[in-house]
Amino acid sequence: MQVEVLALATLYEARGEFQLTLEQMRPAGLGALYEAFERLKRKLEGEGLFDAHASGRARLPVRLASLPRRRLLRCATY
């Protein structure tokens, strides 16, 4: 496993040693947000939500209607 770190580099003068003080550490890769997205995607795929032949999918409307503005206003006042 590879990690990315944020560290403060200092020199310990008494012994002449170089040291790193670790401030943050995270797994190397694409980032936390992308990893969360991938976990959610795998979960939803497991539930069958991305299945092309799912029977419970919402269908697109077959017919559309266009109503005149006056009729819409009458419908809204009732």
Side-chain angles (χ1 to χ4, degrees):
M1 174 180 196
Q2 294 183 348
V3 294
E4 295 174 351
V5 297
L6 176 63
L8 178 64
T10 57
L11 178 64
Y12 187 64
E13 293 181 21
R15 291 187 229 159
E17 294 178 350
F18 176 74
Q19 65 184 13
L20 294 174
T21 305
L22 185 65
E23 294 183 359
Q24 286 184 358
M25 183 171 74
R26 65 179 181 200
L30 298 174
L33 183 60
Y34 184 75
E35 295 294 328
F37 166 73
E38 285 297 322
R39 278 194 304 275
L40 179 61
K41 184 178 167 186
R42 284 191 299 272
K43 177 186 169 198
L44 296 177
E45 283 175 343
E47 294 176 8
L49 295 177
F50 293 120
D51 186 13
H53 302 290
S55 61
R57 278 191 342 204
R59 294 175 45 192
L60 295 175
V62 178
R63 295 185 206 127
L64 296 175
S66 175
L67 299 175
R69 184 173 179 207
R70 289 182 186 172
R71 184 166 181 187
L72 288 174
L73 289 175
R74 275 189 268 142
C75 292
T77 57
Y78 292 121

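In this text, all values refer to a predicted model and were calculated from it rather than measured experimentally. This chain uses plain numbering: 1 for the first residue, then up along the sequence.
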Legend entry - With E4 via side-chain hydrogen bond (donor to acceptor under 3.5 Å, both in side chains) - residues at least two apart: R26

Inset, instruction - Look at the side-chain heavy atoms of Ile, Leu, Val, Met, Phe, Trp and Tyr, link any pair under 4.5 Å apart, and say whether V3 and L22 land in one connected group. - result: yes

Inset, instruction - Indicate the atoms forming the closest heavy-atom contact of V5 with M25, along with that distance. - result: CG1-CG, 3.8 Å

Inset, instruction - Can you measure from CG (L20) to OG1 (T10) and round to the nearest 0.5 angstrom? - result: 7.5 Å

Legend entry - CD (Q24) with more than 12 external heavy atoms under 6.0 Å: no

Legend entry - Within 6.0 Å of CD in E47, more than 12 heavy atoms from elsewhere: yes

Inset, instruction - Indicate if L30 and F37 have the same hydrophobic cluster label, given that clusters are the connected sets of ILVMFWY residues with side-chain heavy-atom separations under 4.5 angstrom. - result: yes

